Amino acid sequence: MPSFRHRLTAAQQRVYDRSNAIAAIPVRATPRLERAVQLLEWALARQDRARTQHVAQVICDELCAVLRVPGVRVQVKAERPADGRGELHGLYESAGRSQVISVWMLTAKRGQVVAYKTFLRTLLHEMGHHLDYRLLRLRDSFHTDGFFKRESSLVNQLLGAAARAPARRRAPGAEG
């Protein structure tokens, strides 16, 4: 990916460089977070948008709690919007005190459910923007190499924690 850093102002370059220097955000996964990551695959496989949204919200709520940052609202929408350039996978919006992550669970062309790991990565990508502003206190959230390393770090930590967690015998609907 070509860098556009040279087109930024000096202040933006400092933010870009700071973002680029941070490669990971360590997370201590709670049992509720581990369970939510496990349930996300189940909810997506059943094409259950409401359950997928609930579980995605739990994932973000737990991350915010563990990292001690303000919460963010999650919206899981049906079919991805698309144009001539491609499909929109996720979106982070911040207006004043309100932050919203939107993710889509169906592909635009075929209307198929997005793969579990792709959906989780998209959710955590958008969460990465929230963490840039709220945890790292960056004035902007650029797609730096550091940003993508942080995204991968979060994905790997959560998938690893969910894989190591004991498989619970509770009904999927019992998660709250």
Side-chain angles (χ1 to χ4, degrees), residues 1 25 27 29-67 69-96 98-134 141-145 147-163 165 167-176:
M1 175 183 316
I25 297 173
V27 173
T30 64
R32 188 168 188 241
L33 178 55
E34 293 167 351
R35 181 66 174 151
V37 173
Q38 291 172 338
L39 286 173
L40 182 61
E41 185 172 18
W42 178 88
L44 282 167
R46 281 150 187 79
Q47 299 185 31
D48 186 336
R49 193 191 61 74
R51 178 73 52 169
T52 300
Q53 180 167 309
H54 174 75
V55 174
Q57 185 68 63
V58 170
I59 290 169
C60 291
D61 288 348
E62 288 295 303
L63 283 171
C64 288
V66 166
L67 296 171
V69 297
V72 61
R73 189 166 56 95
V74 177
Q75 297 178 337
V76 174
K77 299 179 178 184
E79 193 170 290
R80 290 176 178 164
D83 62 19
R85 296 181 306 176
E87 298 181 11
L88 183 61
H89 294 230
L91 181 65
Y92 177 78
E93 298 173 285
S94 179
S98 177
Q99 291 77 42
V100 178
I101 290 174
S102 298
V103 286
W104 285 265
M105 64 180 281
L106 300 174
T107 62
K109 284 187 179 179
R110 295 189 178 150
Q112 295 175 323
V113 174
V114 175
Y116 161 62
K117 289 181 182 177
T118 300
F119 186 92
L120 180 63
R121 181 171 292 280
T122 301
L123 178 66
L124 294 177
H125 175 98
E126 301 309 330
M127 187 67 182
H129 290 300
H130 184 66
L131 296 176
D132 277 1
Y133 293 115
R134 300 301 182 166
S141 182
F142 295 111
H143 286 144
T144 64
D145 288 341
F147 178 88
F148 289 110
K149 288 177 183 175
R150 292 191 299 278
E151 173 193 304
S152 290
S153 172
L154 286 173
V155 170
N156 292 332
Q157 288 177 79
L158 295 191
L159 287 174
R168 295 188 176 79
R169 296 286 181 213
R170 288 183 356 186
E175 175 61 36

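On a predicted model such as this, the values are computed, not experimentally measured, just so you know.
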One pair to check against side-chain contact (heavy atoms from CB on, under 4.5 Å): Val114 and Trp104. What are the steps and the verdict? CA-CA 8 Å; Val114 175; Trp104 285 265; 6.0 Å; no

Could you tell me the separation between the CD atom of Gln47 and the OG1 atom of Thr52, rounded to the nearest 0.5 Å? 9.5 Å

Could you give the distance from CG (Asp61) to NE2 (His54), rounded to the nearest 0.5 Å? 9.0 Å

Option passing side chain to side chain donor-acceptor pair (under 3.5 Å) with His129 (candidates His143, Glu93, Gln99, Glu151): His143

To the nearest 0.5 Å, what is the distance between CE (Met127) and CG (Leu120)? 12.0 Å

Apply the test side-chain contact (heavy atoms from CB on, under 4.5 Å) to residues Ile59 and Leu33: give CA-CA distance (whole Å), side-chain angles for both, the deciding distance (0.1 Å), then the verdict. CA-CA 6 Å; Ile59 290 169; Leu33 178 55; 3.9 Å; yes

Is there a side-chain contact between Trp42 and Val55 in this structure, where contact means two heavy atoms from C-beta onward sitting under 4.5 Å apart? no

Of Glu126, His89, Arg73, Gln75, the residue whose pairing with Ser102 passes side chain to side chain donor-acceptor pair (under 3.5 Å): Gln75

Minimum heavy-atom separation for Thr30 to Glu62, with atom names? OG1-OE1, 2.7 Å

Would you check if the side chain of Gln38 reaches a backbone N or O of Ala162 as a donor-acceptor pair within less than 3.5 Å? yes

So which heavy atom on Val76 is nearest to which on Gln53, and how close? N-OE1, 3.0 Å

Checking Ser153 side chain against Lys149 main chain: does a donor-acceptor pair fall under 3.5 Å? no

Once the angle between the rings of His125 and Phe147 is folded into 0 to 90°, is it parallel (under 30°), tilted (30 to 60°) or perpendicular (over 60°)? perpendicular

Could you check if a side-chain atom of Arg150 sits within less than 4.5 angstrom of a side-chain atom of Asp132, using non-hydrogen atoms only? yes

Can you name the closest pair of heavy atoms from Ala36 and Val58 and give their distance? CB-CG1, 3.7 Å

Quick one: closest heavy-atom pair of Cys64 and Pro70, and the distance? SG-O, 3.4 Å

What pair of heavy atoms forms the shortest contact from Leu159 to Val37, and how long is it? CD2-CG1, 4.5 Å

Closest non-hydrogen atom pair, Arg121 against Ser152: NH1-OG, 3.2 Å

Separation between CG (Asp48) and CG (Leu39), nearest 0.5 Å, reads 11.0 Å

Distance, nearest 0.5 Å, that separates CG of Leu124 from CD of Gln157: 10.0 Å

Would you check if the side chain of Glu79 reaches a backbone N or O of Gly111 as a donor-acceptor pair within less than 3.5 Å? no

Taking the side chain as every heavy atom from C-beta outward, state whether Ile101 and Leu91 have any pair of such atoms under 4.5 Å apart. no

Whether the side chain of Glu34 engages the backbone of Ala165 through a donor-acceptor N/O pair (distance < 3.5 Å, no angle test) should be reported. no

Ignoring hydrogens and angles, tell me if any N or O in the side chain of Gln57 forms a donor-acceptor pair with the backbone of Val72 under 3.5 Å. yes

Test log, rule side-chain contact (heavy atoms from CB on, under 4.5 Å), inputs Leu154 and Leu131: CA-CA 11 Å; Leu154 286 173; Leu131 296 176; 4.0 Å; yes

